[in-house]
Structure formats: structure tokens, C-alpha cells
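One structure is given below, encoded as C-alpha cells.
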Amino acid sequence: MEIEKKESTFMLIAAAILAVGILAGGYFAGHGFYMSRIGDRYVTVKGLAEKDVTADLAVWNVKIAKTGDMLSDVQSGIETDKKEMLSFLKAQGIEDGEIQNSQLNVTDLMAQQYRSERAEQSRFIISYSVTVRSNDVEKVKTATEKIGDLVKKGVVLADNTGANYIFTKLNEIKPEMIATATKNARAAAEQFAKDSGSSVGGIRRASQGVFSIETRDGAPVEYQDGATIGTESKQIDKKVRVVSTIDYNLD
């Protein structure tokens, strides 16, 4: 009887230990800690890096158009307007080498399968366009602001969306920004470790975020005609942003 009593007591103790182990295992797993390996204790943090930059390239598509029912008259008119446009660009300090990709397009509305009524009254549409490409973004910006002077001379603009301002040196600042994002992530991990009575170990896993280029003030851009767009390409001043996600081991 004594032996049976001891075996029964042993079984009860073993069952109790097993139950406590199961409960404890469920608790720690649910809180991100794994008792099987102490090295699995870690914290996930994000590090932000931002940098103000200035566009170093301006690309401006300037397009004019002329319409009429006599092809010869429309051709003569577009040639006159073309000279006015090129003269305007030269007056703004834009050099020959900065004027690229000239294109001349002729459309005959009467030759279209689907055409509007009275298409013969403005049968021919001739457009002429050039692309201004310059590293002097301020010069191009000034020229876009004076485009009204060309309109006053009777030149019809077929494209008045303005210039696009591009930052081309992103690869040059990436290493510095990644280092800053990592430093900020480490600071966040150290603060977490301090609050939890732990210490920060090495990096368990790291994920670099996508670099984004945004407007510096975060606001949309307004054109003079009141149309609003939400793109950074219309502003010279920009903000580059990246967020890195890093897992640090906790000791």
C-alpha cells in the first residue's frame, strides 16, 4: 500500500508540473517570448530618415497649335507661332542645347472615321512642340511664369501643365539616409529595452523601406488657373523619406 501511495503522489506531482509547463509555454508564446531558445526574445522597431533636397533637373514640354480650314494658311500660321515661341525661350536665357525633341503633327478632321459636325470649318490642326531640358531649374521656373507673354502675342498653347522638376541624385544620399534610419531605430530599441529592464543585442533581421520623394511642405500644388494636383514633380523643393524596419535581439 505504501508503494502504491508513493506512486500515486509522484503521478500527481508530475501531472501538476506538466500542466504548469503548458500554461507557461502558452503565456510566453503569446507575448513573443519562446522558452525553447532565449535568443528568440527580440523587439521590432522602425527608424525614420528624412532629408530636404532641391531638384537639379527641369523638363518642360512646350506645345503650340494652330487650326483652320485651309492647310496652307494653318502651315503659315504655325511657322509664325513657332518663331515666336523659340524667340520667347531664347529671351528667357534658354540655350539651343536645352531645346530638344521638336515635333510637328498635322491632323485632318475630315479624314477621321468619327468627326464632329462642321469639322470642315477647322479641318486642319497643326501642333508643334519642343522639350526644354535644363539643369538650371530656376531659369526654367521663371520662364514658365512668363508664358503669358507668349499668349498675349496670339500664340495658342496646347499644353500648359508647366515644367516637371526632378531630383536625380537619390543614389548619392541613400547610404547616409539608411545610416540615419538605422541609428534612429536603434535609439527606439534602446528605449524599449530600458523600459523593460533588458539590453539591446545585435540585429536579428532588417528590412529597408522604399525611398519616397514628396513635396517638402506636404501640400498640393496650385496652378495659376486654379487647377490643383498632388505631385512633387511640380515643386523644386522636395523631401526624401525612408523608413527601415529592424528586429533587435534582447539580452
Is the shortest distance from a Lys or Arg side-chain nitrogen in Glu190 or Arg186 to a carboxylate oxygen in the other one below 4.0 Å?
yes
Please check this pair: side chain of Ser76 against backbone of Ser72, looking for a donor-acceptor N/O pair closer than 3.5 Å.
no
Using modelled atom types and a 3.5 Å cut-off, is there a donor and acceptor pairing between side-chain atoms of Lys238 and backbone atoms of Tyr165?
yes
ILVMFWY clustering at 4.5 Å (side-chain atoms), partners of Ile213
Val53, Phe167, Leu170, Ile173, Met177, Ile178, Phe211, Val240, Val242
Test Tyr128 against Met85 for side chain to side chain contact (heavy atoms under 4.5 Å, CB included), laying out the working first.
CA-CA 10 Å; Tyr128 177 77; Met85 182 183 72; 3.4 Å; yes
Any side-chain heavy-atom pair from Thr44 and Thr245 closer than 4.5 angstrom?
yes
Should the pair Asp52-Lys239 be classified as a salt bridge under the 4.0 Å nitrogen-to-oxygen rule?
yes
For Ala65 and Ala158, which heavy atoms make the closest approach, and how far apart are they?
CB-CB, 4.0 Å
Counterpart residues, side-chain hydrogen bond (donor to acceptor under 3.5 Å, both in side chains), relative to Thr80 (two or more places apart)
none
Start with the C-alpha gap between Arg216 and Thr54, add the side-chain angles, then the distance that decides, and say whether side chain to side chain contact (heavy atoms under 4.5 Å, CB included) holds.
CA-CA 9 Å; Arg216 184 173 296 184; Thr54 301; 3.9 Å; yes
What is the minimum heavy-atom distance between Glu214 and Ser212, and which atoms define it?
OE2-OG, 3.3 Å
If you compare all heavy atoms of Ser244 against all heavy atoms of Ala181, which two are closest, and at what distance to 0.1 Å?
OG-CB, 3.8 Å
State, yes or no, whether a side-chain contact exists between Lys141 and Val137 at a heavy-atom distance under 4.5 Å.
no
Please determine whether residues Leu89 and Val59 belong to a single hydrophobic cluster, defined as Ile, Leu, Val, Met, Phe, Trp and Tyr linked transitively by side-chain heavy-atom distances below 4.5 Å.
no
Taking Lys83 first and then Glu79, would you say they form a salt bridge - that is, a charged N and a carboxylate O separated by under 4.0 Å?
no
State, with a plain yes or no, whether a side-chain heavy atom of Val156 is found less than 4.5 Å away from one of Asp81.
no
Donor-acceptor under 3.5 Å (Asn249 side chain, Tyr42 main chain):
no
Any idea which heavy atoms bring Asn61 and Val130 closest together, and the distance?
OD1-O, 3.4 Å
Should Ile203 and Phe192 be counted in the same cluster of Ile, Leu, Val, Met, Phe, Trp and Tyr side chains packed under 4.5 Å apart?
yes
Heavy-atom side-chain contact between Ile246 and Thr182 under 4.5 Å:
yes
With the threshold set at 4.0 Å, does a side-chain nitrogen-carboxylate oxygen contact exist between Arg241 and Glu50?
yes
Matching residue for Lys139 among Glu98, Glu95, Gln92 - test: side chain to side chain donor-acceptor pair (under 3.5 Å):
Glu98
Decide yes or no for Thr131 and Trp60: does some side-chain heavy atom of the first lie under 4.5 Å from some side-chain heavy atom of the second?
no
Under 3.5 Å, is there a donor-acceptor pair linking the side chains of Asp56 and Asn135?
no
Transitive ILVMFWY side-chain link Leu57 to Ile94, under 4.5 Å:
no
Mind listing the side-chain donor-acceptor pairs of residues 99-107 below 3.5 Å, one per line with the distance, residues two or more places apart or on another chain?
none

Determine whether Phe88 and Ile147 make a side-chain contact, defined as any pair of heavy atoms from C-beta on separated by less than 4.5 Å.
yes
Rounded to the nearest 0.5 Å, how far does CZ of Arg205 lie from CG of Asp247?
4.5 Å
Closer than 3.5 angstrom, by distance alone: can the side chain of Lys46 be matched with the main-chain N or O of Ala185 as a donor-acceptor pair?
no
Whether the Thr161 and Asp159 side chains hold a donor-acceptor pair (N or O, under 3.5 Å, no angle test) is what I'd like checked.
yes
Worked verdict on Leu150 versus Leu157 for side chain to side chain contact (heavy atoms under 4.5 Å, CB included)
CA-CA 9 Å; Leu150 191 60; Leu157 296 175; 4.3 Å; yes
Under a 4.5 Å cut-off applied to non-hydrogen side-chain atoms, are Asp251 and Arg41 in contact?
no
How far apart are the closest heavy atoms of Lys234 and Gly162, and which atoms are they?
NZ-O, 3.5 Å
Heavy atoms from other residues, nucleotides or ligands near NZ of Lys174 exceed 12 (cutoff 6.0 Å)
yes
Less than 4.5 Å apart, side chain to side chain, heavy atoms only: is that true for Thr67 and Val74?
no
State whether Lys90 and Asp96 are salt-bridged, where the test is any N-O pair (Lys NZ or Arg NE/NH1/NH2 against Asp/Glu carboxylate O) under 4.0 Å.
yes
Answer yes if Ile126 and Ile64 sit in the same cluster of Ile, Leu, Val, Met, Phe, Trp and Tyr residues linked by side chain heavy atoms under 4.5 Å apart, and no otherwise.
yes
Dump the intermediate steps for side chain to side chain contact (heavy atoms under 4.5 Å, CB included) on Ile236 and Glu138, then the final yes or no.
CA-CA 8 Å; Ile236 294 177; Glu138 289 293 341; 3.8 Å; yes
